[in-house]
Amino acid sequence: MINKTVKDAREAVKDIPSGAFLMMGGFGLCGIPENSIAALLERDIKDLTIVSNNAGVDDFGIGLLLKRRMVKKMISSYVGENAEFERQLLSGELEVDLIPQGTLAERVRAGGAGIPAFFTPAGVGTEVAEGKEVREFDGKLYLMERWLRADFSLVKAWKGDTAGNLIFKGTARNFNPMMAAAGKITIAEVEELVPAGELDPNQIHTPGIYVQRIFQGENYEKRIEQRTTRS
Amino acid sequence: MLSKQQIAQRIAKEVKNGQYINLGIGIPTLVANYIPEDLEIVLQSENGLLGIGPFPTEAEIDPDLINAGKQTITMVKGSAIFNSAESFAMIRGGHVHLTILGAMEVSENGDIANWKIPGKMVKGMGGAMDLVASAENIIVAMQHCSKSGDSKLLPECTLPITGIRCVKKIVTDLAVLEIHQEGGFILKERAPGISVEEIKQKTAGKLIIEGDIPEMNI
């Protein structure tokens, strides 16, 4: 079995250049590649384009990359939790493409699956439709949307093996599997890395073919945005 | 005038046995508290879960388990977890029966605006555009008027819209209304103590009043 293991986050992200087109898994702060983001912060690179459903919060996740001005453009669906983001956006320092969440997920999925475009009803008649082909199928209007593919995809899983097979936990799965498939080089960080053969093949969510580098992350903070409990 | 809880309570009466339902952030989330216990329904969370349970106790909190509003949650028995592409496949594919969401404005032909205030608020649409473009049945929970007293039920939306001709029913603090196929808000029920006259006054879009309008039963 091909061994995809790299030593740590630093080694995994060491060749990501300025201007790279990246994808990062996660929904809010749930399932984000914490270790890879921390390692990127140590690099002297800028002008990154990042596809991620959200943009982190001011002092965690992608918010840290924004604060260091490493990001040129975000492609996201919802960015409401980040004041620095809003400031950079309104001042024109940051470019942002806001995309309906399902369209974002499907554009990434299409990228990994080799489908250059597809039609979706989301956004018909709204400003999202501007400049896009609209076509009628069986009496309903649909927008043509293009695939998204990345130079590097940074994903986070619960368990992984040295062959790159991944298993996610709970709603930390979210965008991670599609992004793993849509990256030319996919870097997976996992909470527990085991030798190939130890994970049940029936339970694999992301097959190792999509993963080029894997490492065991450390010190996961897993910050909670809205800690909500019942008494 | 209904409180937010009462709006949620009234909307809960629209829920039918066997439905898969997506609840938006805000008042829609509260609807879950009022769904009768004898109904078997499943709540979908677009970040990848069918089977949202109650909020966790302090001991049950799991950072890997949140709803689309990023709140910590639990799962009910028989839940299923999936990725975001699968989640929106079930939404666009028409498998989710009912979507309940908030709105800043609704127009008399069923357009909805709830994602952007130009120059003021740029948060993004999240999953709202996919949901409103796909759901068979969309119920909107909203205040009838803005804080400054302007009607939010309009001939046409003034804010950037989220979806066209998609809203079926609206529950506000003053009334229950349905969208007429050819345009117009059909007044179905009044909130307790609210007159038809007041609703008329506070509805900028075309209001259709047929016969006696009953008071809501909540």
query: Less than 4.0 Å between a side-chain N and a carboxylate O, is that true for B:E58 and A:R227?
result: yes
task: Examine whether an atom of B:T162 lies under 4.5 Å from a heavy atom of chain A, and if so say whether it belongs to the side chain, the backbone or both; otherwise answer neither.
output: backbone
- request: With a 4.5 angstrom heavy-atom cut-off, could you sort out which part of A:E221 is near chain B: side chain, backbone, both or neither?
  value: neither
- request: Name the member of A:I224, A:L98, A:N174 that forms the most heavy-atom pairs with chain B at distances under 4.5 Å.
  value: A:N174
query: How many angstroms lie between atom CG of B:D64 and atom NZ of A:K156, to the nearest 0.5 angstrom?
result: 5.5 Å
query: Taking every heavy-atom pair that is under 4.5 Å apart, which of A:R223, A:K169, A:R109 has the most such pairs with chain B?
result: A:K169
query: Hey, which of A:A122, A:S77, A:A105 has the most heavy atom pairs under 4.5 Å with chain B?
result: A:S77
- prompt: Any side-chain heavy-atom pair from A:Q226 and B:T72 closer than 4.5 angstrom?
  reply: no
query: Which answer fits B:A128, side chain, backbone, both or neither, if we ask what part of it has an atom under 4.5 Å from a heavy atom of chain A?
result: neither
Portion of B:E86 that has a non-hydrogen atom of chain A nearer than 4.5 angstrom: neither
query: Looking only at heavy atoms, which two atoms of A:F27 and B:N67 are closest? And how far apart?
result: CE2-O, 4.1 Å
message: Looking at B:D130 and A:Q101, would you say the former's side chain and the latter's main chain have a donor-acceptor pair under 3.5 Å?
response: yes
statement: Of A:L104, A:I99, A:V128, A:L141, the largest count of non-hydrogen pairs under 4.5 angstrom with chain B goes to A:I99
field: Side-chain touch B:I164/A:V124, heavy atoms, less than 4.5 angstrom
entry: yes
- line: Per-residue tally against chain B (heavy atom, under 4.5 Å) across A:G170, A:G28, A:G102 peaks at A:G102
